[in-house]
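Since we're looking at a predicted model, the values are computed, not measured. Chain letters run A, B, ... following the sequence lines, proteins first, then strands; residues in each count from 1.
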Amino acid sequence: MKARFQLKQSSLDVLKVFILIGLGLFFFERFVTGKLYFYIAPRFWWLSVVAVVLCFALAASFNLLKRDEKDEHEHDHHHDHDHDHHEHGHDHEHGHDHSHGNLFSVLVLAIPLVLGIMVAPKTLGANAIENRGISTDFAVSSDAAAKSLTIVPSQRNVLDWARAIAATTEPEQFYGQEADVIGFVYRDSRFADNQFMVARFTLTCCVADALAVGVIVQADNAADFTMDSWVKIKGTFQETTFEDSAMPAIYATEITPTEQPEQPYLYQ
Amino acid sequence: MEQLTTFATIFLGIFIEAAPFLLLGSLASGLVEVFISKDDMARVVPRNLIGATIVGGMMGFVFPVCECGVVPLVRRLFNKGIPISMGVAFLLAAPIINPVALASTYAAYGFGDMLMLRFSMGLLVATSIGLLFSLNPRPLSILRPGSIPAFAGASPQASQKPHKATKHIEKMNLVQVKQPMHQRLQMSLRFASDDFFDMGKYLVIGSMLAAGMQTVVSQSTLTDLGSGPVSSVLTMQLLAFVLSVCSTVDAFISLAFRNTFTTGSILSFLVFGPMVDIKSTMMFLNVFNRKIVLYLILLPFLMTLLIGIFINLNVGI
């Protein structure tokens, strides 16, 4: 019985090493391909470097230790007769392994790996807005809004516009300014037939805090564009009515369907 | 299918951001295990209870870990014989009172009331709860049996099966003294990987729960609740629990709620969230008894609720 337990422990160790290497490769792959930023904001790129290095270092500690244990034979261990016994003793040192160092708990760590491989990385879309809501006037620090306003109007993205509009008490200042933005189409029951919202998800740190922001678009052919499709919009800001109040909107002169950008999120 | 994709994306988002912090915490914990002896610790820990608890609350400056990393570390520190009050204060305070979290709060709110309140209230709540725990006549009984091997020699509770474990600890201490540097580093890494697997499964399950909640429960149902002095605080606490974002970045997230929510509720979010959320609760379960985990959730919850309501009613919104 003892022998079987030892065998199981050592094969569990092998599994742990595989999972650690797998996680390291997973972080590495997401980092190198840039898919990492589907999940977290770019300023946290170094986190994945930390993860890759530590995953591999932890994986290495298993093998290296085993080799060294052989060296220790002569001076440290008093009761070891074979290699397997070594490992048993070793696991006692890490005492907490007894109760829950089982197969199930090790396999749980493989779940992110499996989901990461099975489910193709996809960014949040209009479908996720149903749960998360969309914000036309979200709180912005005045610094962020001021920074957005330093950008030439035609260069501003959806987040810049949303910030600028949310922070101002005088939306008139935007009327007549040219807009040229990319985003996905979002609409719900609040929108008139000739309106939709050109929206983007913004991340602060990771997708768990993703917030959709958008700007209202006014166009006669608005209904032609399906929810969640990506569009490039050119037009001019004018006043429109949304939910019975005056709001700045882009009066579109040109709406072109487009591909999802490589970086679909905007980062706060 | 759409829902599964959304779920997987949010889950991986939380995991990818939190796992590196857990790895760092595990590394710190492995290094503590191998390089700091009980005697070292005894020399550093103040004799008097209140002093020790306050030191525990400030120890985040020495070990800058967030709520994922602090759990394995605090387990090892208990192992090194720090008092329960100090450990609990460290567990609850470290995610807030550490250089990284304070820097991000400063970046989000500037040098002002919010930063000072977050720091002082975090310390107050953590040390009070630490002291409360020290009132327990059998302080060591709060730890989950078997979760901390080295307690075998130190506590009456664990003395039922101390023999083997103690022997191994002795052997290990012997090993510590004898082994050259590179081997001790390997030992640290090996301990770190044990901690990573031990805590990692709770991180995975907690992240899945949080992602599941976010996929199913509408965030707007939450935010619709909140401008009343009491309901806003409750809402932000619930949000902090459900979102389970890392304490090093939650200040930025709270910014999004600053205009719609009361000041007291934002403060509660910033103090309660780092102490308790879905994923840290799962990790607590690995270290403490169930009843204690309940206290570790309820006490910070009630205290930050009261603080939030007090600020709303007396300082203004």
Side-chain angles (χ1 to χ4, degrees), chain A residues 16 20 23 27 30 36 38-40 44 47-48 50-51 54-55 57-62 64-65 68 75-76 89 92-101 105-106 108-109 111-112 115-116 119-124 127-128 130-133 138-141 204-209 211 268, chain B residues 2 4-6 8-17 19-20 23-24 27 108 146-149 164-165 168 172 174-175 178 183 186-187 189-194 196-198 200-201 204-205 208 210-211 214-215 217-220 223 243-246 249 252-253 255-260:
Chain A
K16 284 183 182 179
L20 282 170
L23 283 173
F27 274 96
R30 293 291 134 116
L36 187 68
F38 286 11
Y39 307 103
I40 63 169
F44 297 112
L47 280 182
S48 60
V50 167
L54 284 182
C55 279
L58 294 193
S61 77
F62 282 82
L64 293 176
L65 205 65
D68 290 332
H75 44 94
D76 267 330
H92 266 285
E93 285 165 9
H94 301 259
H96 51 220
D97 275 1
H98 307 287
S99 46
H100 36 89
S105 66
V106 174
V108 170
L109 264 298
I111 292 176
L115 273 181
V119 183
K122 191 174 172 293
T123 52
L124 298 180
N127 153 272
E130 282 161 30
N131 255 325
R132 317 186 70 89
F138 65 115
V140 283
S141 66
T204 305
C205 64
C206 75
V207 285
D209 63 68
L211 183 73
Q268 302 243 25
Chain B
E2 281 280 332
L4 176 68
T5 317
T6 306
T9 308
I10 296 176
F11 163 67
L12 286 173
I14 300 175
F15 181 79
I16 287 177
E17 197 184 72
L23 283 163
L24 283 171
L27 180 66
S147 89
I148 295 162
K164 244 182 179 160
H168 279 290
M172 204 180 63
L174 216 74
V175 169
K178 278 185 182 172
Q183 278 186 13
Q186 278 164 16
M187 286 276 267
L189 287 173
R190 189 58 220 276
F191 278 118
S193 50
D194 277 359
F196 177 68
F197 276 95
D198 249 15
K201 62 173 185 276
V204 169
I205 294 168
M208 287 175 82
Q214 284 206 26
T215 325
V217 181
S218 153
Q219 204 164 326
S220 53
T223 46
L243 281 180
S244 294
V245 289
C246 181
V249 291
F252 297 109
I253 287 147
L255 270 186
F257 301 99
R258 195 162 55 157
N259 289 4
T260 37

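- Pairing each heavy atom of B:L23 with each of A:C55, the nearest pair is CD1-SG, 3.9 Å.
- Only the side chain of B:A19 comes within contact range of chain A, with at least one heavy atom under 4.5 Å from a heavy atom of that chain.
- Among the candidates A:V207, A:L115, A:L47, the residue making the largest number of heavy-atom pairs closer than 4.5 Å to chain B is A:L47.
- Options B:T9, B:I205, B:T5, B:L4 differ in how many heavy-atom pairs under 4.5 Å they form with chain A, and the most are formed by B:T9.
- Residue with the most contacts toward chain B among A:Y39, A:F44, A:F38: A:Y39 (heavy-atom pairs, distance under 4.5 Å).
- Taking each heavy atom of B:L189 and A:S61 in turn, the nearest pair found is CB-CB, 3.4 Å.
- If you measure heavy-atom distances from B:L12 to chain A, the contacts under 4.5 Å come from both the backbone and the side chain.
- Atom CZ of B:F197 sits about 8.0 Å away from atom CG of A:L58, to the nearest 0.5 Å.
- Ranked by heavy-atom pairs shorter than 4.5 Å toward chain A, the options B:A8, B:A211, B:P20, B:G200 are led by B:P20.
- For the atom pair CD1 (A:I111) and CZ (B:F11), the distance works out to 6.5 Å, reported to the nearest 0.5 Å.
- In terms of heavy-atom proximity, A:L109 sits nearest to B:K201 at CD2-N, 3.2 Å.
- At least one side-chain heavy atom of A:L20 sits less than 4.5 Å from a side-chain heavy atom of B:F196.
- Only the side chain of A:I40 comes within less than 4.5 Å of a heavy atom in chain B; its backbone stays farther off.
- Per-residue counts of heavy-atom pairs under 4.5 Å with chain B were compared for A:L54, A:V50, A:V119; the largest is that of A:L54.
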